[in-house]
Amino acid sequence: MEQEQPLNELMQVRRNKMEELRSRGIEPFGPKYEASHYSTEIIEKFDSLEGQRVTVAGRLMSIRSHGKATFAHLQDYRGQIQVYLNLNQVGEEQYKNFELVDIGDFVGAAGEVFRTRKGEITVNVNEYTYLAKALRPLPEKWHGLKDVEIRYRQRYVDLIVNHEVKETFINRSRIIQTMREILNRWGFLEMETPILQTIAGGALARPFITYHNTLDMKLYMRIATELHLKRLLVGGLDKVFEIGRIFRNEGISTIHNPEFTSLEIYESYADYETMMELTENLIYEIAQTVFGTGRIIFQGKEIDLTPPWPRESMVEVVHKFSGVDFSQIQSDEEAFTAGKNAGLEMDKGLSWGDILYMFFEEFCEEQLLSPVFVTGFPIEVSPLAQKMPGDPRLTLRFEGFIGGWEIANAFTELNDPIDQRERFEQQLTRREAGDDEAHVMDEDFITALEYGMPPAGGLGIGIDRLVMLLTDNISIRDVILFPTLRPRTDLD
RNA sequence: GGGCCAUUAGCUCAGCUGGUAGAGCACCUGACUUUUAAUCAGGGUGUCCCAGGUUCGAGACCUGGAUGGCUCACCA
């Protein structure tokens, strides 16, 4: 890709045409061009535009030449429109020069709108301009581009020829834009916190490590925005959010990309129930605004996002899907036996909470298709959440599930610095036992809590998965423009 | 990281039991002034992913490797 390769015939032909244009005094890479209408506007407003002169600009996607008349389809941002060139209309010189056009070239065209004998709304061109010559051929018009490797590596080609792909990424942009607008309207401020960090905290995950030359030190790419946003609550910025890229050094799958986008929201003087209402209202309103409905179709099944979503405790959910009732299990030993009986791989030292969570992951998560908030997460996996009053094994935390995927994660934020230090210390014990995803100690965060953090609800939403759900895509690579792939050098 | 599958022309794909590579579109030449998967006549443009091996002969069989997809493990 980096180096010049011998040109194949198709590319050589296009270069020859480019040179021929130049020798005729025509610049193949032309100047700016003002289109009066998008293709779709001309079609929609045909009644008033018929016989009117319009200008259009875009990429030629098909050409049908009939000697002294030529039809072609011009594709712009919105869609396609047919253009018609007639020898008498454009004159011999322009007509001859149009013979050097290729599928893929950008052109601007001016002419009157009319309807052909076969009924297609068309621009009868009397003047056109070369805007950019395409030196490489596009994939075939009929079957398009299917090779997923090329689709991901050369997304620009995918976007040109696969209409639904363009739709998905336009919708992704609208989803995020709508999210911002709603949160701003609700009085939240968008913040930007460090991506390069000396301590990568706020989640249980392995970070990417990088290096700063001048400071001569390791830096970590953030795995969450959580701990910095909560420092802002300490500072008195009551309602904040951040939409940003985070990085986790984990495996890649249809639902995992090493870099992905999260939304985190923190609201002072609130709790996790506030966040439940916020979550269901936010997602419902996004669906309404972007897609005009709160009932989406995902993989052929309808999912109703209308609030309120049911709330169920993890103990209840585990009981429902595995038949094991943790409300009747008290000790770690009983839980261990239950896990063994259920065929789970049990390591020594697992606690009641660990095992409850294993049951949940193993038997429940993928069953949670319609929206549901699962509450009552074990403290072992929730080092930043407040304990549940009356049951110190559990926390005031929920996760929102839709389509079998975790979409949201929220808790009543732990703001007791003494408790927070103990939690970090428990995580350190896990880390020393070999769990390199356990949370690291963050002294400055504890210092911040010691200054006092108001009670707060905090929420994280995985934007990529939300986009997958709302756009009906089952691979995260189909909602990330340039997903992480191994490099290749043998593509031309 | 493990398992399974895929990789052949610019694109989408076929290629049998091992006999020296094909189709459609695209492209090139010519014809054609309302076509639309335009049509008609002619033209095959190739590192069969890479490197070894078996064989008289490999796109095909064997070994190793690369990249991708799915999946398991891990995670969100």
Side-chain angles (χ1 to χ4, degrees), chain A residues 5-14 16-17 61-73 80-90 95 99 102-104 114-122 124 134-154 157-158 160-162 202-206 223-224 246-263 345 361 365 381 399-401 405-409 435-437 460-466 468 474-478 483-492:
Chain A
Q5 297 215 340
L7 301 176
N8 69 33
E9 186 204 329
L10 297 177
M11 287 175 64
Q12 190 57 57
V13 163
R14 285 166 182 250
N16 293 345
K17 288 179 181 173
M61 297 304 285
S62 64
I63 301 168
R64 294 172 294 284
S65 160
H66 301 69
K68 290 170 180 141
T70 298
F71 292 89
H73 273 102
Q80 293 194 354
I81 182 126
Q82 182 166 258
V83 294
Y84 174 61
L85 273 87
N86 182 301
L87 177 63
N88 297 341
Q89 191 70 228
V90 297
Y95 197 83
E99 286 168 359
D102 281 301
I103 289 174
F114 77 113
R115 198 189 278 277
T116 64
R117 256 181 231 161
K118 296 285 173 67
E120 180 158 353
I121 294 164
T122 302
N124 187 5
L135 298 180
R136 288 173 185 266
L138 289 178
E140 191 219 337
K141 61 184 171 189
W142 196 242
H143 297 93
L145 178 64
K146 291 184 177 169
D147 185 321
V148 287
E149 197 170 343
I150 301 177
R151 287 189 46 228
Y152 297 151
R153 288 187 196 281
Q154 298 181 274
V157 181
D158 193 26
I160 293 167
V161 299
N162 290 325
L204 308 181
R206 280 201 299 268
I223 55 173
I246 59 183
F247 308 86
R248 295 191 184 173
N249 209 338
E250 312 276 357
I252 295 176
S253 78
T254 49
I255 52 170
H256 298 94
N257 196 63
E259 53 178 311
F260 62 105
T261 305
S262 80
L263 163 68
E345 205 171 303
E361 289 190 310
E365 281 191 356
V381 294
E399 286 188 352
F401 284 83
W405 295 331
E406 182 203 326
I407 294 292
N409 178 24
D435 181 357
D436 53 6
E437 280 155 13
I461 290 180
I463 288 182
D464 308 273
R465 289 194 190 165
L466 180 63
M468 288 167 72
I474 54 165
S475 171
I476 200 168
R477 297 181 202 98
D478 291 322
T484 305
L485 297 177
R486 284 192 155 90
R488 274 193 89 131
T489 52
D490 58 337
L491 291 173
D492 68 341

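Per the geometry, CG belonging to A:Asp147 stands 11 Å off P belonging to B:A9, to the nearest Å. Straight-line distance from the CZ atom of A:Arg486 to the P atom of B:G65: 13 Å, rounded to whole Å. Between A:Glu99 atom CD and B:A31 atom C1' the separation is 13 Å, expressed in whole Å. Distance, A:Glu345 CD to B:C72 C1': 12 Å, rounded to whole Å. Look at CG on A:Asn16: it is 10 Å from P on B:C28, rounded to the nearest Å.
Under 3.5 Å, the side chain of A:Glu120 and the base of B:U36 form at least one donor-acceptor pair of N or O atoms. Side-chain atoms of A:Arg117 stay outside donor-acceptor range of the base of B:U34, with no qualifying N/O pair under 3.5 Å. Evaluation of atom-type donor-acceptor distances gives no pair under 3.5 Å for the side chain of A:Ser62 against the base of B:U36. A donor-acceptor contact under 3.5 Å is not formed by the side chain of A:Asn8 with the base of B:U45. In the interface, the side chain of A:Gln82 is paired with the base of B:U35 through a donor and an acceptor atom under 3.5 Å apart.
The gap from the C1' atom of B:U7 to that of B:G65 amounts to 14 Å, rounded to the nearest Å. Look at the P atom in both B:C16 and B:C49: the space between them is 14 Å, to the nearest Å.
Listed pair A:Thr254 / B:U71 meets the phosphate criterion, a side-chain N or O lying under 4.0 Å from OP1 or OP2. Put simply, A:Arg14 has no side-chain N or O that comes within less than 4.0 Å of OP1 or OP2 on B:C28. Here A:Arg64 does not reach the OP1 or OP2 of B:U39: none of its side-chain N or O atoms lies under 4.0 Å away. Note on A:Lys141: a side-chain N or O is less than 4.0 Å away from OP1 or OP2 of B:A26. Not one side-chain nitrogen or oxygen of A:Lys68 sits closer than 4.0 Å to the OP1 or OP2 atom of B:U35.
Interatomic distance, OG of A:Ser62 versus CH2 of A:Trp142, reported as 11.5 Å (0.5 Å rounding).
No donor-acceptor pair closer than 3.5 Å links the side chain of A:Asn257 to the backbone N or O of A:Arg477.
Residue A:Tyr152 is in sugar-phosphate contact alone, with no base atom involved, counting any heavy-atom pair closer than 4.0 Å across all strands shown.
Pairing of B:C32, defined by two Watson-Crick or G-U wobble distances under 3.5 Å, is not identified with any nucleotide. Partner assigned to B:U7 is B:A66, using Watson-Crick or G-U wobble distances below 3.5 angstrom.
Partner of A:Glu149 under the salt bridge (Lys or Arg N to Asp or Glu O under 4.0 Å) criterion, out of A:Arg153, A:Arg151, A:Lys146: A:Arg153 alone.
Stacking between A:Phe260 and B:A76 is shown: the ring centroid lies under 5.5 Å from the centre of the six-membered base ring, and the planes differ by under 30°.
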